[in-house]
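We count ligands from 1, going down the list as the structure has it; atoms in each ligand are counted the same way.
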Amino acid sequence: MSDHPLNAQPERDTAPWTPGSWSSTPGARATQFQYPDNGALETARTRLKQLPPLVTSWEIEKLREQIAQAQRGERFILQGGDCAEMLELCRSDLITNKLKILLQMSLVLIHGLRMPVTRVGRFAGQYAKPRSSPTETKEIDGQSCTLPSYFGDLVNRIDFNEIARTPDPMLMVEGYMHAAMTLNFIRSLLDGGFADLHHPEYWDLSFFHNASVSDQRRAQYLNMSRTLADGIAFMQNLGEQRVEEATRVDFYTSHEGLNLYYEEAQTRTVPRREGYYDLSTHLPWIGERNRQLDGPHIEFFRGVRNPVGVKVGPTMDPGELIELIDALNPHNTPGKLVLITRMGAGKIADNLPRLLEKVKDEERHVLWMSDPMHGNGITTSAGIKTRSFDDILSELEQAVDCHKQAGTILGGVHFELTGEDVTECIGGGSGITEDDLGKNYVSLCDPRLNYQQSLELGFLLAQKMGSE
Ligand code: PEP
Ligand code: CO
């Protein structure tokens, strides 16, 4: 076993950290987008620093405690939402439906796993997107034109022209405002409670009866929904208060902390607590493309009190993973680090077990989560980006098996989903085929599970984990 981090603290922990120290890392200058106007950047940063925080330190501390519980197998974390939120889609119906599907999935999981579930939305700030290339080239009027890629509404706009694609720092202020409006609405909805959550008979379970659902699965779903309804009815008999408690819930927000100017501006100390909090969200994460050990994102997030997620893809080496863990959590504190694995259904069995073994052998405290979405992108013959429900389910089930085999704990899942009836992913009981993709494909980024696919996945996960 190597030196325990408590005895041998990595060098980085002793290097001075400030909310702005990320900007002097070697990778900071090579970030994929740059603001051309420094004066405008300073104006936006100053404004963001003055604006009140979006979340509070005590919510962040509470989530840390819940993540620590999930690491011990006493709780499960359900994280989900859009690949990219868009400012113009900050609408009450879309927010309500996204919240509802997450709450419904969480009830299915509470029931199936027999443990509390923490809901974390990819909401209220999921406006910045990493890209595989910093520029995009298109043919315009017979001429080839190269512009910055679209990095999400927090950075630039999607239209393919120079003005829209130039990174605009005031979009950070716009993004903050939309995050605040979204959060404000979510907080009031949760305060009021969702009456129809108490009644699975009001949920849209019509997919049970679709021709694409096998008889065996249909019987399982009907059985599970019946026992779920009985469970809720039982709680109701104990008193409305209990159901209210189960459905009037804490809700946490998360987003990829890609734009460090935005994160830094909302990072501050608070009275009577030690350390700095990134108050733009409860659970920021570092994407697969931005987790270089000497990069700006690791430098920034090692210094905040928030729990931090890191995406872990199939190329991750076990030794590098330990270095990454020690850089972000040098004191090996439970509740701080969430490793979100996204391997792909065809790669998980070859790549996840050695990571699980290594982290277990080295006794690092992490929460393992499975993101079965980002390793499973496919492009149809017509050039449409999609994902197959079967691949997503397969990665999820293999993740459960790998953890079981390694004696480690799968403490959460991470999905891209929406509460709408979109046609972006194929398969599942919804029966969406490649030919259907054009019917209601809304995402500008990655394809999301629709309402029925999400709920069905919730049932299948509850079934798989509940039976283990
Ligand atoms: C995402 O979560 O939308 C994303 C880009 O993921 P990853 O960094 O795992 O590719
Ligand atoms: Co995505």
Take the angle between the ring planes of Y261 and W22 and call it parallel below 30°, perpendicular above 60°, tilted in between. perpendicular
Mind checking whether F300 and W17 have parallel, tilted or perpendicular rings, split at 30° and 60°? tilted
Enumerate the atoms of ligand 1 whose separation from the nearest heavy atom of C83 is less than 4.0 angstrom. 3 (O)
Contacts of D436 meeting salt bridge (Lys or Arg N to Asp or Glu O under 4.0 Å) (sequence neighbours excluded), chain-then-number -> K439
Distance-only side-chain donor-acceptor flag, D82 / Q126, under 3.5 Å: no
For atom 1 (C) of ligand 1, the protein heavy atom that lies nearest, with its residue and separation: H374 NE2, 3.0 Å
Tightest non-hydrogen contact, residues S430 and N210, listed as CA-ND2, 3.7 Å
Working for salt bridge (Lys or Arg N to Asp or Glu O under 4.0 Å), residues E61 and R305: CA-CA 8 Å; E61 290 296 335; R305 283 282 309 167; 2.8 Å; yes
Backbone or side-chain N or O of E256 under 3.5 Å from ligand 1 N or O: no
Assess the side chains of Q32 and S149: does a donor N or O sit below 3.5 Å from an acceptor N or O? no
Select one of side chain, backbone, both or neither to describe which atoms of H255 lie under 4.0 Å from any atom of ligand 1, heavy atoms only. neither
Can you name the atoms of ligand 1, numbered from 1 with element, that are less than 4.0 Å from a heavy atom of R122? 1 (C), 2 (O), 3 (O)
Flag K311 as yes when one of its N or O atoms lies below 3.5 Å from any N or O atom of ligand 1, and as no otherwise. yes
Nearest heavy atom to atom 10 (O) of ligand 1 wins, so pick from R291, R289, M373. R289
Heavy atom under 4.0 Å from ligand 1: found in E416's side chain, backbone, both, or neither? side chain
Is E288 close to ligand 1, meaning an N/O of one under 3.5 Å from an N/O of the other? yes
Check for me whether the distance between the ring centres of F251 and F123 falls short of 6.0 Å. yes
Does the side chain to side chain donor-acceptor pair (under 3.5 Å) test come out yes or no for R342 and H414, once each step is laid out? CA-CA 9 Å; R342 30 89 81 221; H414 182 120; over 6 Å; no
With 2.8 Å as the threshold, which protein atoms of type N, O or S lie near the Co ion (ligand 2)? Leave waters out. C83 SG, H374 NE2, E416 OE2, D446 OD2
Is the closest side-chain donor-acceptor distance between T118 and Q66 under 3.5 Å? yes
Do me a favour and list the nearest non-hydrogen protein atom to atom 9 (O) of ligand 1 with residue, atom name and distance? R342 NE, 2.6 Å
Are any of the side-chain heavy atoms of L455 and I101 separated by less than 4.5 Å? yes
Can you name the atoms of ligand 1, numbered from 1 with element, that are less than 4.0 Å from a heavy atom of G287? 8 (O)
